[in-house]
2 protein chains.
Amino acid sequence: MQEIKKRKTTGQITLFDVARYAGVGTMTVSRALRTPDRVSDKLRQKIQIAVDALGYKPNVAASLLASASANRVIAVITPKIYDHSAQLWLNSLQTHLAKEGYTTLLIESYHYYKLESQMLDALYSHNLEAILLFQVEDENFIKQILQNKIVPILNIGKDYDGLTNMNVGIDDSLAMYMLTEHVIKKGYQHIGLLCANQEYQIFQQRLHGWYKAMLAYHLPTHRVINAAKPANFSTGSELLPDMLLNWPELDALICTTDELACGVLYECQRRHIRVPYQLAVTGFGDNEFSQVSFPALTTVALPYKEIGEYSASLLLDNLKNKKVTHETDLSALAPVVRLRASV
Amino acid sequence: MQEIKKRKTTGQITLFDVARYAGVGTMTVSRALRTPDRVSDKLRQKIQIAVDALGYKPNVAASLLASASANRVIAVITPKIYDHSAQLWLNSLQTHLAKEGYTTLLIESYHYYKLESQMLDALYSHNLEAILLFQVEDENFIKQILQNKIVPILNIGKDYDGLTNMNVGIDDSLAMYMLTEHVIKKGYQHIGLLCANQEYQIFQQRLHGWYKAMLAYHLPTHRVINAAKPANFSTGSELLPDMLLNWPELDALICTTDELACGVLYECQRRHIRVPYQLAVTGFGDNEFSQVSFPALTTVALPYKEIGEYSASLLLDNLKNKKVTHETDLSALAPVVRLRASV
DNA sequence: ATCAAGTTTGATAGCGCTATCACATTTCTA
DNA sequence: TAGAAATGTGATAGCGCTATCAAACTTGAT
């Protein structure tokens, strides 16, 4: 007696199997798993035994389809997690969302915007509950997202004139302004800027912060290298010689990341340039190593952890109440300059 | 005239809407999107217009359910992506899998095994196609996975006696043995080991490699600090004094990560200890900064990029052929010692 | 012009689950 | 003790999609 299979099945144990085993209806099994308090103790126990015995695993696709509900998945779209501080932010965000049962799906597009929009289609198909944009720089892409807006969207980074539902600003420009001001007030005159990852807006914002500070204090703004290379240790080491060659009078060098600055510090040691006496050096980001480096690096910290927490609660509030009325002590989100031995 | 809604819907545009708009059957629309070559040009164009006009987004849950097919999603489970090299591995893996249309879902459990198994249930519910374990250390967890084995499982790291379908070994112990041997052959006698992240097996393997090499050359193995702290720059700086206090005769210090070693280098500078003349220092991992540091760091590189490529192709072959018959030049996967100025 | 073989299309029936409602059972009130 | 209210359970009908198969339309060879 051969059974005729008319259709592919997953071969999984289904709710029906469990129901038959436990001698109850499928609906009762469903309830026992989804809303246990609506099922009597006796049946609930029976069902639990059946579930364990058969090794039942619910089929999320079917559940989603039947309940027409969202997935408790929040997508984070970002061009790239550049550095340690962004990782802090993400980690903090994930932790807070996980507490409420949400899963974070991280998508790094590496700045291929076509990829981003392609992913977007895929994401919308996955019944996700919200989208979080982190330092997405392409305005067209943002507009495209908003055009198909189906779920709440939280933007972290530059504010696109209220295009997004919610926006948490990170002011890299301000942070760099503050840092540069500190350096200027220390009395340095010939202050250069070393910027890498030229192609990313966020680094141009840092550059801009330096520029504004220099202008504000009537200092010359021509001592700049703005390179299209990764902002890492090697690039720092590599570009210091160019800076010194172009502007031998340089007495302070502001770098757009801690990695660049550390590379510069290493190169200074190789060339027996005494920091900060001959050359002051600063970084950006307050990475783990900037406290330990020799000499310790003056840098500026963005409160990514707090921003993560803040953005998580903002998003959760929006998902729950469908209304954002959020008041926070935003001073907690302000940049902090860390003065150390290198200036 | 009010319509009675008997059931919640997602409110999405459905295939049916598209079909009606285009004046064809739903099945034709499904085919036009899934297998376009099986639909005539004329209808395909009509349908495309309808899709664009209505902004149709397919519902993955329904598609999965109907086709009873897997999701083209591969889950990577790992306790933690420790360092840059592991990131290289992951990146390389993702790239290769993406080429074949697979999405990688990264799950970092941060060593909460309960979390890992909880996630596993969730994952199995998501119709994923394969599971990739990266440096998962908990044997119970591995056994539990294998017990419910539904999809192919590839293990990267320690081989659990053929428990997994496929295993790609990374021999941290061998790598450390090779590095230690180099240091010994340079003539150093009083060689210490600095290990952090004590609680993770992978670091204990590195420690073990050092131990074996020291024994093989009849050198004493007591100069060890094995700390339960993060293996970062700070810890390196912090623990060097302890090493020197305990064993002032120390002439070489082998660290289990590049970060530790760099922290040690910084502390040496602070204490005017000349590297390598008074103390030789080595790292592990060949991170980006180890080439630029001052002095440049002798270290050992694991070929994570190649391992990523190899593991991707192994997995893909398994998914396609359902049979693993893989031959590779495994010498490409051997560790490489990078001799630099610090030894 | 005729028929066999290929191609294109759509009606139908589920995939595994849950919303809904009707019915059965228990508990509470007067 | 009857009747109302609350609770527990299961039959049914989809959620939006695709596998399947039969019907309609091509094509080309005779």
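Chain naming here is simple, since letters A, B, ... match the order of the sequence lines and numbering starts at 1 in each.
As rounded to whole Å, 13 Å separates atom P of dG10(C) from atom CG of Leu15(B). Leu43(B) places its CG atom 11 Å from the P atom of dT26(D), with the value rounded to the nearest Å. Whole-Å rounding puts the Lys42(B) NZ to dA24(D) C1' distance at 14 Å. Rounded to whole Å, the distance from CD on Gln12(A) to P on dC17(C) is 7 Å. Distance CZ (Arg34(A)) to C1' (dT9(D)): 18 Å, rounded to an integer number of Å. Separating the CE atom of Met27(A) from the C1' atom of dA11(D) is a distance of 11 Å, rounded to the nearest angstrom. Leu64(A) places its CG atom 10 Å from the P atom of dT18(C), with the value rounded to the nearest Å. Taking atom CZ on Arg20(B) and atom P on dA11(C), their separation rounds to 14 Å, with Å as the unit.
Looking at which nucleotide of DNA chain C each of Val24(B) and Ala62(B) is closest to, the 5′-most match is held by Val24(B). Both Gly23(B) and Val29(A) lie near DNA chain C, and the one whose nearest nucleotide falls closer to the 5' end is Gly23(B).
Distance from the side chain of Ser30(A) is smallest for dT18(C) among the nucleotides dG16(C), dA11(C), dT18(C). Listed nucleotides dT18(D), dG10(D), dT18(C) differ in distance to Thr28(A); the shortest reach to its side chain belongs to dG10(D). Out of dT18(C), dT9(C), dT9(D), the shortest distance to the side chain of Arg31(A) is found at dT9(D). Ranking dT9(D), dT18(C), dG16(D) by closeness to the Ala66(B) side chain, first place goes to dG16(D). Each of dG8(D), dG16(C), dC17(D) was ranked by its minimum atom distance to the side chain of Ser40(A); first place goes to dG8(D). The nucleotide whose nearest atom lies closest to any side-chain atom of Val39(B) is, among dT9(C), dG16(D), dG16(C), dT9(C).
A 4.5 Å side-chain heavy-atom check between Phe134(B) and Leu90(B) finds every atom pair outside the cut-off. Counting heavy atoms from C-beta on, the side chains of Ile156(A) and Trp89(A) come closer than 4.5 Å.
No hydrogens or angles considered: nothing links the side chains of Gln45(B) and Asp41(B) as a donor-acceptor pair under 3.5 Å.
Although no hydrogens or angles enter the test, the distance criterion places no donor-acceptor pair under 3.5 Å between the side chain of Asp317(A) and the main chain of Leu314(A). Without hydrogens or angle criteria, Asp17(B) side chain to Thr14(B) main chain gives a donor-acceptor distance under 3.5 Å.
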